[in-house]
Protein chains: 2
Amino acid sequence: MGRSGEARDREATERMTAQDGGELDLQQYFPYRLARLAEQVSLAVAEVYSERFALTRQEWRVLAILGVRPQIATKEIGPLTTLDKMQVSRAVQGLQSRGIASRKHHPDDRRELIVALTPAGRALYRKIVPFALARETELLGVLTAEEVKVLDRVMHKLSAALS
Amino acid sequence: MGRSGEARDREATERMTAQDGGELDLQQYFPYRLARLAEQVSLAVAEVYSERFALTRQEWRVLAILGVRPQIATKEIGPLTTLDKMQVSRAVQGLQSRGIASRKHHPDDRRELIVALTPAGRALYRKIVPFALARETELLGVLTAEEVKVLDRVMHKLSAALS
DNA sequence: AGGTAATAGTAACATCTGATACCAATTGCG
DNA sequence: CGCAATTGGTATCAGATGTTACTATTACCT
């Protein structure tokens, strides 16, 4: 006889968190563990763009978008990178000041700025991306195919639950 | 005939990342997705301690430790919370300034400070923790027991791979 | 014991980040 | 049309965060 889904879920939650009644074990607390892991992963990836190429996290995200979407309006970058408009503004300025990106006004709406990679920026992009992809492959390599599949689904589920 | 583990892993990685050769789709890039998810989760939990009780993330972590470990030396808090000693110092000062925690010198080593919750701090802890645990339960509730189990294993594996 | 090195914690400074208000350009509506 | 409202982007300032160097206390070494 199968137990109910609810009972199974509660049991699993207890296994995850090792919680009893009214106490909280930070080491086992899922949000803490997730924050910690994301931090570790972020640091590992940052080695690629930060230590080697002196980019901030925000600049790296914008660069990643520009590599795929040349001629993008600044206002479109925010939603694609989860950065607010101030962060985008500063990141793009940072890239521009190093000759990685260039900006020009949109001809039909002179408020908007259109951002694009310079040749140097495209070269940088092509140099960094393989390292970034390698990091990801390396990381996911410690998981089985099944685990990766479940992880993918789980991340979508959690993200959706929080929107 | 079963394929090799390596082949399976590569295939899974491709499914996760939807990458072809030399391009990087930020939306599918695992480190980005993880950072984004951790951010969302962090925000959801922060509603509990930040909006309702005006604690910073660091103060909340220290409070969580103090709830379980009364009379802890400041220097032990860092490793338990993944905060550096300056962050711990400031968090503890913040808690103290609001009457949540108290400090005294270690009798045998007057460099060390021993931190403890005040009665008001213990009351606060008992008030917050149920909400924090509820948030976690709510979140993990969207997953099946099997998914939670795999997630737990995956997080351990990834964390270990990065240490 | 005496002097050097190490440790716990913090002050002080520099930098980053977030929030608000602002300017310029455009849209919409009477 | 003309003027209020909206939009894209940035300057500016306050608060948060990281880094360095410093003080006080203890440990170590000969």
Atom CG of B/Leu55 and atom C1' of D/dA16: how far apart are they, to the nearest Å? 16 Å
From the options C/dG18, D/dT19, D/dA11, select the nucleotide whose nearest atom is closest to the side chain of A/Gln87. C/dG18
B/Val115 and side chain to side chain contact (heavy atoms under 4.5 Å, CB included): which partner among B/Leu66, B/Ile65, B/Val62? B/Leu66
Within this structure, what is the CG-to-P distance between A/Leu83 and C/dA19, rounded to whole angstrom? 14 Å
Would you mind reading off the distance between A/Glu59 atom CD and C/dT17 atom P, rounded to a whole angstrom? 10 Å
Among D/dA27, D/dT10, C/dG9, the one nearest B/Arg111 by side-chain distance: D/dA27
Determine, for A/Glu39 against A/Arg36, whether the closest basic-nitrogen to carboxylate-oxygen distance falls under 4.0 angstrom. no
Any N/O donor-acceptor pair, A/Lys75 side-chain to D/dG8 base, under 3.5 Å: no
Side chain of A/Met86 - closest among D/dT10, C/dT10, D/dT19: D/dT10
When rounded to whole Å, the CD1 to P distance for the pair B/Ile77 and C/dA8 reads 13 Å
Is there a donor and acceptor pair closer than 3.5 Å between the side chain of A/Arg90 and the base of C/dG18? yes
Between A/Thr74 and D/dG8, does any side-chain N or O lie under 4.0 Å from OP1 or OP2? no
Please report the distance, rounded to the nearest Å, between CG in A/Asp108 and P in C/dT27. 9 Å
Examine B/Arg57 relative to B/Tyr49 and say whether NZ or CZ is less than 6.0 Å from the centre of the six-membered ring and inside a 45° cone about the ring axis. no
Nucleotide D/dG8, atom P - distance to NE2 of A/His106 in whole Å: 12 Å
Please figure out whether A/Pro107 or B/Glu112 has its closest DNA chain C nucleotide nearer the 5' end. B/Glu112
What integer distance in Å separates B/Asp84:CG from D/dT17:P? 11 Å
Please tell me which of the listed nucleotides, D/dG9, D/dT17, C/dG9, lies nearest to the side chain of A/Arg103? D/dG9
I need the CG-C1' distance between B/Asp109 and C/dA6, as an integer number of Å. 12 Å
Under a plain distance cut-off of 3.5 Å, with no hydrogens placed, do A/Ser89 and A/Gln93 share a side-chain donor-acceptor pair? yes
Looking at A/Glu112 and A/Lys75, is there a salt bridge between them, counting it only when a charged N and a carboxylate O are closer than 4.0 Å? yes
Between the base of D/dT25 and the side chain of B/Arg110, is there a donor-acceptor distance below 3.5 Å? no
Considering just the side-chain nitrogens and oxygens of B/Gln58, establish if one lies under 4.0 Å of OP1 or OP2 belonging to D/dT17. yes
